[in-house]
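Worksheet: one structure, shown below.
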Amino acid sequence: MMPRAMNQHQPRAHLDHVRRHFDQLLSTGVASRFSKDIGPMWMSSIDARTGEPVPPQPGSDTYKRVYRNIDAPHGCTLYWDQPLIAAAYRLSDLTGELRYARAAEDYTAAYLRACVSKSSGLILWGNHYFYDVGVSGPVGFLSTEPPKPIDLATDAGALHECRPLLPRWDTLWRVDPAATERAIRAMGALHVVDPATGEFNRHADRASDHAFLESGGVLAASLCWLGARLNDPSLHELAMRVARFSFEKRDPVTGLVPVSPMHDRWDMHCCTSEVGHWARSLLQCAQLSGDGRFTAMARDSLAAYLRFAWDEQASRYAGRVTLATGQRQADALDTPYAPGRWSDPWESLFPTHDYAAQLTDACLTLWQLTGNRAFEEAVRRWAMIVDRLPPGAQDRPIYAEHVGRWICVLDRAGRVLHDAAMTAQADTLQRYAMDGLYVGPMFRGHSRGQLCQSVDGVGYLLLALMGDGGA
């Protein structure tokens, strides 16, 4: 059992540690150190003990969280730094020291100058692009090929893949509204395969291919964000069609929504906790657009997963549920990029289409909106699971993103449900973060290494330690 903390969650308790982290990052972890021609972007891989950027080292990625070059080796990746950007703004808000927010703005502006396709307006970021310090420009990559320099004049960014993080569009807008609007409109034009049906693709090539729930949720929420900003109902309508494309692929009997309905493989026939990630995005769409149909889709789809995925005997939620029957799957699949038998609160590898914390957060919001006890029950069950499977209980690394997300979810649940035990769990996770992930002067990305890497989600942890429930 996870030990209980004695003190209430205190958002400012670790502010000095967060400040030290940023002070070191801005002192030694800025890419402009390597060339006067490179803007003040933040390096993606830094030694947490020294603050020095770390170039790729063969054999050093034993606990690498992502495959291919998503971690932007010896480069900068504004997409995976989105939570870190938000943390810099939050730190300035709490301390009154504007230099952190200004550094975030300078980083964002530099990346937008260097890594936006001139032909499409897409930001070259995400799962196939980053800024490479060695070539002083953006590069693109696939699974087996080394990164190749990008010609901004001709490359439209067909491999643009914006998942699973929803960009903090407000922070980009405050730096460059025109570029931000163009990027989101380009996403709507190039990720949507058929505007009439809302069919979409994870890649921005207008091809009929993988329509992962997480991709559709991020796309819909991005369109709704811009629609709200510009008072443009056409963007809300396109977001609705994108959301309905996935919702209408649910099984007519079980109501379960597939991870992706496009190819006859495991994700066409399974529902996972990714439906909670998608539901969370749809709830953001509802808030931005005022359209309750987004809420209804989130409610019905998430309720179906909760109904079939729970195993009373094991007191766990299944990692995969068969779409047509609702049967919980116990077999191992011949791919590392699918959930195991159980949905895992500390799943480290990306992408396994398993998002327990995001699902729990969506359940909490739906409980507030609907009063449906099934959603409250799911939140309590997940708190129990995290209590029984605390970080460090299993022989594997625990990543900063998950610790940060669970601090936020449990702290919020404690306040919403008036449950002091959940608040205590959040406090205990804070102590774990300080004892297990803070190595001074920075926080490391996971418990088995000494690097602070963007893809490990340290920004989420910093937001959580500063009491930002939006992490």
Side-chain angles (χ1 to χ4, degrees), residues 3-30 40 42-43 46-51 80-108 168 170-171 174 357 361 391 398-416 420 422-447 450-454 456-471:
R4 300 300 188 187
M6 298 300 294
N7 299 321
Q8 290 288 315
H9 176 54
Q10 299 178 20
R12 296 173 182 262
H14 304 298
L15 198 58
D16 285 343
H17 297 91
V18 176
R19 191 200 309 255
R20 291 189 197 109
H21 182 98
F22 271 106
D23 287 346
Q24 188 66 56
L25 171 65
L26 301 182
S27 173
T28 57
V30 181
W42 302 345
M43 296 297 292
I46 296 173
D47 190 313
R49 299 162 299 182
T50 66
W80 296 101
D81 275 333
Q82 288 293 282
L84 194 60
I85 292 284
Y89 283 111
R90 175 69 169 165
L91 182 58
S92 282
D93 289 342
L94 291 177
T95 64
E97 296 183 43
L98 298 182
R99 62 192 183 94
Y100 303 111
R102 287 172 181 157
E105 291 176 356
D106 291 344
Y107 174 13
T108 301
R168 307 278 178 139
D170 55 330
T171 65
R174 67 196 297 175
D361 188 63
I398 300 298
Y399 287 80
E401 176 178 345
H402 297 304
V403 178
R405 285 191 182 277
W406 282 114
I407 289 171
C408 290
V409 171
L410 290 167
D411 181 63
R412 180 178 167 227
R415 288 182 278 108
V416 170
M422 292 183 184
T423 303
Q425 281 184 274
D427 287 343
T428 298
L429 286 175
Q430 281 196 89
R431 292 207 308 273
Y432 172 84
M434 297 310 304
D435 294 341
L437 297 178
Y438 184 74
V439 295
M442 303 179 77
F443 290 86
R444 57 183 176 170
H446 64 73
S447 58
Q450 300 300 334
L451 299 185
C452 172
Q453 292 192 298
S454 299
D456 294 341
V458 170
Y460 285 107
L461 177 58
L462 300 184
L463 285 167
L465 293 174
M466 291 186 290
D468 189 322

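All residue numbers refer to positions in the sequence shown, counting from 1.
- For the pair Arg20/Tyr438, a side-chain contact is recorded, criterion being any heavy-atom separation below 4.5 Å from C-beta on.
- To the nearest 0.5 Å, atom CE of residue Met434 and atom CZ of residue Arg431 are 12.0 Å apart.
- To the nearest 0.5 Å, the span separating CZ on Arg174 from OH on Tyr89 amounts to 4.5 Å.
- Arg99 has a carboxylate O that lies under 4.0 Å from a charged side-chain N of Asp23, or vice versa, which qualifies the two as a salt bridge.
- Taken to the nearest 0.5 Å, the OG1 atom of Thr95 stands 10.5 Å off from the CG atom of Asp16.
- Annotation: side chain of Gln430 is in contact with side chain of Leu465 (closest heavy-atom distance under 4.5 Å).
- When all heavy atoms of Leu437 and Ser447 are compared, the pair lying nearest together is CD2-N, 3.7 Å.
- Across all their heavy atoms, Leu463 and Pro83 have their closest contact at CD1-O, 3.7 Å.
- The closest donor-acceptor contact from the side chain of Ser454 to the backbone of Trp80 lies at 3.5 Å or more, if one exists at all.
- Of all heavy-atom pairs spanning Ser92 and Ala101, the tightest one is OG-N, 2.9 Å.
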Residue pair Thr171, Gln82: steps toward the side-chain contact (heavy atoms from CB on, under 4.5 Å) verdict: CA-CA 9 Å; Thr171 65; Gln82 288 293 282; 4.3 Å; yes
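- The CD1 atom of Ile46 lies 6.0 Å from the SG atom of Cys452; values are rounded to the nearest 0.5 Å.
- Atom CG of Leu26 is separated from atom NE2 of His21 by 9.0 Å, given to the nearest 0.5 angstrom.
- Contact of the Leu25 side chain with the Leu84 side chain is registered, since non-hydrogen atoms from C-beta on lie closer than 4.5 Å.
- Side-chain contact check for Pro391 versus Leu429: some heavy-atom pair is nearer than 4.5 Å.
- Side-chain atoms of Arg90 come within 3.5 Å of backbone atoms of Met466 as a donor-acceptor pair (strictly under, hydrogens ignored).
- In this structure, Arg444 contributes its side chain and Gly436 its backbone to a donor-acceptor pair below 3.5 Å.
- Scored by the ring-ring contact (aromatic ring centres under 6.0 Å, His included) test, Tyr107 finds Trp42 as partners (sequence neighbours excluded).
- Here the shortest heavy-atom pairing between Leu462 and Ala87 reads CB-CB, 4.0 Å.
- For Arg102, there are no salt bridge (charged side-chain N to carboxylate O under 4.0 Å, His left out) partners, not counting sequence neighbours.
- Taking the six-membered ring for Trp and thresholds of 30 and 60 degrees, Phe443 and His17 have ring planes more than 60 degrees apart, a perpendicular arrangement.
- At a threshold of 4.5 Å between non-hydrogen side-chain atoms, the residues Thr428 and Gln425 do not count as touching.
- A 4.5 Å side-chain heavy-atom check between Ile407 and Leu461 finds at least one atom pair inside the cut-off.
- Nearest approach of Pro441 to Ala48, heavy atoms of both residues: CD-O, 3.3 Å.
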side-chain contact (heavy atoms from CB on, under 4.5 Å) between Cys408 and Tyr460, intermediate numbers included: CA-CA 9 Å; Cys408 290; Tyr460 285 107; over 6 Å; no
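- Checked for salt-bridge contact, Asp411 and Arg415 meet the test: a charged N lies under 4.0 Å from a carboxylate O.
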